Amino acid sequence: MTISRRSLLISGTALAALSTTACATLGRSQPAASAPPPLASAAPPPPIELIALGRMGYGPRPGDSVRVAALGLAAYVDEQLSPPHGDDPMTAQRLRSATLPIAYEAEGDYPDTDEQRPLRTLDQQPAELWQLTDDNVPYAEWVRPLDEIRAAAWIRAAHSPWQLRELLVEFWHDHFNVNADHDDSQIIAAWPSYDQMIRRNCLGNFRTFLEEVATSPAMLYYLNNASSQASPANENYARELFELHTLGAMHYLNERYQSWRDVPGALAGRAEGFIDDDVYEAARAFTGWTVADGSDTYEGLVFPNTGAFYYYDGWHDPYQKRVLAVELPPHSPPMADGRNVLDLLAAHPGTARHLCHKLCRRLVADDPPLALVEQAAATWLANQQAPDQIAQTLRVILLSPEFVATWGQKVKRPFDLAISFLRAVDAEVTPNADLFSLMGERGYNQFGWPAPNGHPDIAGYWLSSQIMLGRWNTLLDLCSDWLGAARIDLLGQMPQGSLSAHQIVAFWGERLLGQPLPMPLSEQLVAFMAQGGDPDQPPQRVEDGDEHDLPDRLISLVTVIGMLPAFQYR
Amino acid sequence: MPLSRRNFLVGCSATIAALAGGRVGGLAFAAEGLSAQRDILVVVSLRGGCDGLNLIAPVDDPAYVAARSAELRLAERGEYAGLRLKNALPGFDFRLHPAAAALKEIYDSGDLALVHACGLTDGTRSHFEAMEYMELGAARQARPTSGWLSRHLAAVGAPGMLPAVAVNNSLPLALLADPTAVSLPSPASFSLQGHWRYGPQQLDLLRAAYGGAARLEQAGARTLTAIDTLASYLPHDSEGNPLPYQPADTVEYPAEEYAAELSSALQSVSQLVKMEVGLQVATVDYGGWDTHEGQSYIFPELVEGLSRSLAAFYNDLSAYRDRLTVVVISEFGRRLRANESGGTDHGFGNAMLVLGGQTNGGQMYGRWPGLATEQLADGADLAITTDYRTVLSEILTRRLANPQIEAVFPGFSSTYQPLSILR
């Protein structure tokens with residue numbers, strides 16, 4: 001077994017504000033007194049179409065709210081739950097014409113390179129990219145698929161009309177988190193296919209989804225199941241399969257029960273939760289689920305070297321196992337043990353509750369109403385065999401009264417904020433590696449969250465001073481020419497004619513916030529735009545200003561509106 | 001219509017110059033008198049579960065030798081020979097990982113104490129639960145709504161400009177609900193990157209907009225205060241640009257990629273200490289310890305990164321040693337027996353490190369429970385004989401002038417027995 005040096009590290013860094021905190025109250029009594037102040041100040045909610053656009057996606061582009069208002073919420077939900085296969089023509093065209101630079105000095109068979117290159121790997125399978133894991137491939141070549149998938153995610157989120165799908169793809173990337181940003185060439189070669197797999201399943205059937213994740217090379221490497229063999233098995237994947245992917249920490253009962261027999265429901269074959277013994281047994285069940293990556297076995301066998309999923313019986317622990325109080329017989333057929341574990345977990349009511357809690361937390365509130373979670377979970381369980389199980393569950397959540405009644409109880413994460421700003425100012429996004437790196441410094445490391453729990457989805461994490469400052473600086477960066485991450489024409493989309501400072505502020509306030517700016521902030525912004533001039537006249541250059549003065553002031557106005565509290569909520 | 005590059009770059013420095021004004025000298029002087037009275041605690045969290053049995057181990061215990069292949073354990077001699085520890089726990093030849101030579105020197109000098117078989121007794125092998133319980137400083141049943149460091153600071157008060165800093169993107173749960181804590185990975189770049197003329201005006205507009213009681217608005221207000229504080233206290237060049245941090249002469253922080261996270265975070269802490277902004281508590285993370293696979297490659301690098309970063313930090317702050325305590329903690333240890341991937345899975349008992357000028361160092365603390373199967377927790381993991389809160393409580397009472405253990409660790413004070421790790 002050769003283990004890639006680069007594949008070894010799973011960093012647990014930056015694990016503050018854990019997702020388990022928000023889960024911890026589920027199924028237990030309510031939190032103690034001394035509740036913190038509310039996230040947002042009381043304010044009238046925006047119209048329903050803005051709630052739908054802000055929560056089922058990344059906010060409106062000009063014209064979207066008129067269309068959704070005419071359509072009505074129910075029709076918009078149904079539309080968004082049935083996207084076509086693949087990208088819409090306009091987004092597809094953008095993906096075809098997008099480029100990222102690549103430059104390096106000659107190495108091995110690779111000549112000197114310095115070019116703008118299209119995004120070529122988006123539809124590729126590991127087999128087509130596997131040569132990137134060979135020795136003597138320039139670094140810029142083998143890390144490239146990661147940046148291409150990142151760029152495509154920005155373009156799709158900023159431009160696709162199928163906004164809910166993009167939001168769900170982001171959700172599932174966090175749920176089935178793989179850190180693709182720690183210099184592991186195998187994970188990166190498998191990254192386009194991992195993203196395709198998530199796109200394919202994001203509205204589909206959870207049991208199908210779960211097995212596609214379990215057999216995906218990216219996950220097999222990330223949580224080490226690729227090297228797991230009897231015995232002792234490597235328990236990394238099995239543990240997170242239970243704790244993060246399916247039942248959730250809320251059903252981890254290890255502190256309470258010493259033996260599997262003691263877990264409520266176990267003696268009837270329906271254990272309500274899991275303990276470490278279940279993790280150990282499940283780890284045995286998945287031994288032999290690996291990747292055809294040319295590894296040598298002790299037995300002298302050499303795996304094929306294609307980057308595809310591979311089952312190797314020689315590593316499998318064949319004997320009987322007991323998982324969630326269900327006996328798995330010895331000497332089962334290839335992959336049957338692992339598939340049985342996936343069946344048990346996917347069908348478990350605890351998984352329904354955990355997954356629906358997470359979906360509600362993404363779409364409704366950090367601490368979502370439990371009645372809504374239960375209602376969604378019932379739909380989830382009733383549609384276990386349905387190919388659109390996830391879509392049907394989402395429909396319940398999106399058409400619930402809670403969905404529209406809880407506006408402002410979520411704070412935008414840095415990616416939401418950046419995309420919603422770009423959409424509000426009708427920008428053309430031109431993502432690049434510097435942008436991805438800046439976002440990482442501000443807490444959003446796209447496809448690079450180090451721990452298996454994914455980016456947090458509770459406000460506490462996203463209100464730190466570093467991240468607050470990062471919100472503000474991100475908007476400035478998106479409007480800068482040194483970063484070059486977007487093309488924005490603010491003047492071109494303002495009404496014709498000479499607008500006064502008042503009118504300019506009112507226009508951009510309405511555009512970004514969807515409603516008039518409150519006083520006295522509105523007057524302060526007008527004074528800023530006028531810079532001492534008459535607010536009812538078009539703004540003039542300041543005394544020592546050059547030809548950049550008015551454009552720079554306008555950018556500063558629009559960005560500071562994006563920095564306001566009201567633009568941070570969803 | 002992008003911001004022009006020229007204006008943009010000029011803007012950064014001019015903004016800071018405008019903010020800094022002539023205030024630097026006076027405020028720095030005032031803060032010095034204040035913070036000189038208080039000790040500084042730095043909490044280093046090894047995220048992922050450090051394998052304490054590969055870091056400090058009884059190399060002559062047959063149960064240890066039998067459980068692991070040579071590359072996953074320390075030995076008496078040969079390629080994996082550990083550094084022999086004086087004043088070790090009785091019964092065995094305890095050794096420190098050879099990549100921790102810099103820490104061994106500090107141990108021998110008397111400023112580093114090692115505590116073994118420590119940890120969280122709640123019986124979880126989940127990263128996320130273990131970190132949550134440890135940082136909240138109480139079992140789940142106690143329903144803490146704040147972190148242990150937050151409760152400590154509430155008890156002793158938090159004067160000064162920046163009493164609590166997480167050198168990270170966000171706050172750890174240990175600082176949950178602290179009203180003053182800020183996250184600050186790099187003090188020198190903590191500024192609004194706005195236009196030279198309009199950026200400062202944007203800050204004024206934000207101060208007006210972030211004035212309410214909502215959590216988001218409070219977070220914004222705290223951020224704006226931190227921006228102002230750093231603009232005032234950071235040393236600047238003649239054009240108003242913050243100067244990069246310059247460690248003390250002869251001090252060399254490790255620059256290798258595997259050390260970078262800790263090395264750069266500790267430099268930020270050092271910078272904040274020397275800025276005299278009233279720092280009492282700093283938290284830093286060092287990730288990558290979840291070695292389920294290929295531990296023999298990654299673990300020695302991480303240990304070296306830990307050792308050299310801490311040693312550099314300690315030398316960098318030599319003038320502050322008498323009021324500096326560093327504690328190194330990880331959410332759990334790892335299983336005694338290795339898996340077939342060349343790694344170790346989640347376990348229980350682990351080592352903690354306490355470094356500082358007031359440490360009774362040069363010796364090991366704790367009670368060694370043994371590694372025979374019947375001595376292990378669940379027959380598999382190093383048992384916990386010292387609650388992690390014992391070590392932290394001793395830091396609170398002896399160094400941080402906080403006798404209110406019950407307020408910080410509810411339900412713990414009745415069982416607390418100090419080990420005299422600190423003076």
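Keep in mind that what you see is a predicted model, and the values were worked out from it rather than measured. Within every chain, numbering begins at 1; the chains are lettered A, B, ... in the order of the sequence lines, protein sequences first and strands thereafter. Quick note: numbers below take in every heavy atom, side chains included, and nothing from hydrogens, waters or symmetry partners.
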Which bit of A:Val411 is near chain B, if near means a heavy-atom gap under 4.5 Å: side chain, backbone, both or neither? side chain
Does the distance from a Lys or Arg side-chain N to an Asp or Glu carboxylate O, for A:Asp552 and B:Arg197, drop under 4.0 Å? no
If I measure from the heavy atoms of chain B, does A:Ala230 come under 4.5 Å with its side chain, its backbone, both, or neither? backbone
Interface check, chain A: of B:His346, B:Arg222, B:Glu217, most non-hydrogen pairs under 4.5 Å belong to B:His346
Chain A interface, residue from B:Tyr258, B:Tyr210, B:Phe190 that has the most non-hydrogen pairs under 4.5 Å: B:Tyr210
Part of A:Thr287 lying under 4.5 Å from any heavy atom of chain B: neither
With no hydrogens and no angle check, do the side chains of A:Thr559 and B:Gln202 hold a donor and an acceptor under 3.5 Å apart? yes
A:Tyr257 meets the side chain to side chain donor-acceptor pair (under 3.5 Å) criterion, sequence neighbours left out, with none
Portion of B:Asp378 that has a non-hydrogen atom of chain A nearer than 4.5 angstrom: side chain
Heavy-atom pairs under 4.5 Å with chain B: which of A:Arg487, A:Met563, A:Gln258 has the most? A:Met563
Between B:Glu71 and B:Ser296, a side-chain donor and acceptor under 3.5 Å: no
Tell me, side chain or backbone of A:Val542 under 4.5 Å from chain B's heavy atoms, or both, or neither? side chain
Among the options A:Glu235, A:Met468, A:Glu240, pick out the one with the most heavy-atom pairs lying under 4.5 Å from chain B. A:Glu235
Would B:Arg334 and B:Asp290 pass as an ion pair if we require N to O under 4.0 Å? yes
In terms of side-chain heavy atoms, does B:Ser191 have a donor or acceptor partner in B:Gln193 at a distance below 3.5 Å? yes
Can you confirm whether the side chains of B:Gln295 and B:Asp51 place a donor and an acceptor under 3.5 Å from each other? yes
In terms of heavy-atom proximity below 4.5 Å to chain B, should A:Leu525 be classed as side chain, backbone, both, or neither? both
Should the heavy atoms of other residues, nucleotides or ligands under 6.0 Å from CZ of B:Arg337 be counted, would the total exceed 12? no
Would you mind checking which part of A:Tyr280 comes under 4.5 Å of any heavy atom in chain B, side chain (CB onward), backbone (N, CA, C, O), both or neither? side chain
Examine distances only and state if a side-chain atom of A:Arg471 and a backbone atom of A:Trp462 form a donor-acceptor pair shorter than 3.5 Å. yes
Is a side-chain donor-acceptor pair under 3.5 Å present for B:Thr180 with B:Asp178? yes
Can you say whether B:Ala226 sits under 4.5 Å from chain A via the side chain, the backbone, both, or neither, judging by heavy atoms? neither
Donor-acceptor pair, distance only, cut-off 3.5 Å: does the side chain of B:Ser268 make one with the backbone of B:Pro185? yes
Does the side chain of B:His292 come under 3.5 Å of the side chain of A:Asn224 through a donor N or O and an acceptor N or O? no
Highest number of heavy-atom pairs under 4.5 Å with chain B: which of A:Leu478, A:Leu469, A:Val560? A:Leu469
For A:Glu547, is the CD atom crowded, meaning more than 12 foreign heavy atoms sit under 6.0 Å from it? yes
Between B:Ala174 and chain A, with a heavy-atom cut-off of 4.5 Å, which part of the residue counts as in contact: side chain, backbone, both or neither? neither
With a 4.5 Å cut-off on heavy-atom pairs, point out which of B:Ser186, B:Ala209, B:Gly147 contacts chain A the most. B:Ala209
Applying a strict 4.5 Å limit to non-hydrogen atoms, the region of B:Phe299 in contact with chain A is neither
Applying a strict 4.5 Å limit to non-hydrogen atoms, the region of A:Leu521 in contact with chain B is side chain
Heavy-atom distances under 4.5 Å only: say whether A:Pro38 touches chain B with side chain, backbone, both or neither. backbone
Which portion of A:Asn254 sits near chain B, non-hydrogen atoms under 4.5 angstrom: both
Is A:Glu441 in contact with chain B via its backbone, its side chain, both, or neither, using a 4.5 Å heavy-atom distance? backbone
Applying a strict 4.5 Å limit to non-hydrogen atoms, the region of B:Arg125 in contact with chain A is both
Best-contacting candidate, A:Leu564, A:Asn473, A:Leu483, against chain B by heavy atom pairs under 4.5 angstrom: A:Asn473
Between A:Tyr569 (side chain only) and A:Leu39 (backbone N and O only), is there a donor and an acceptor less than 3.5 Å apart? yes
Which one, A:Leu475, A:Val279, A:Ile275, A:Asp544, leads in non-hydrogen pairs under 4.5 Å with chain B? A:Asp544
Note: vs chain B, highest number of non-hydrogen pairs under 4.5 angstrom among A:Gly470, A:Ser231, A:Pro520, A:Gly492 is A:Ser231
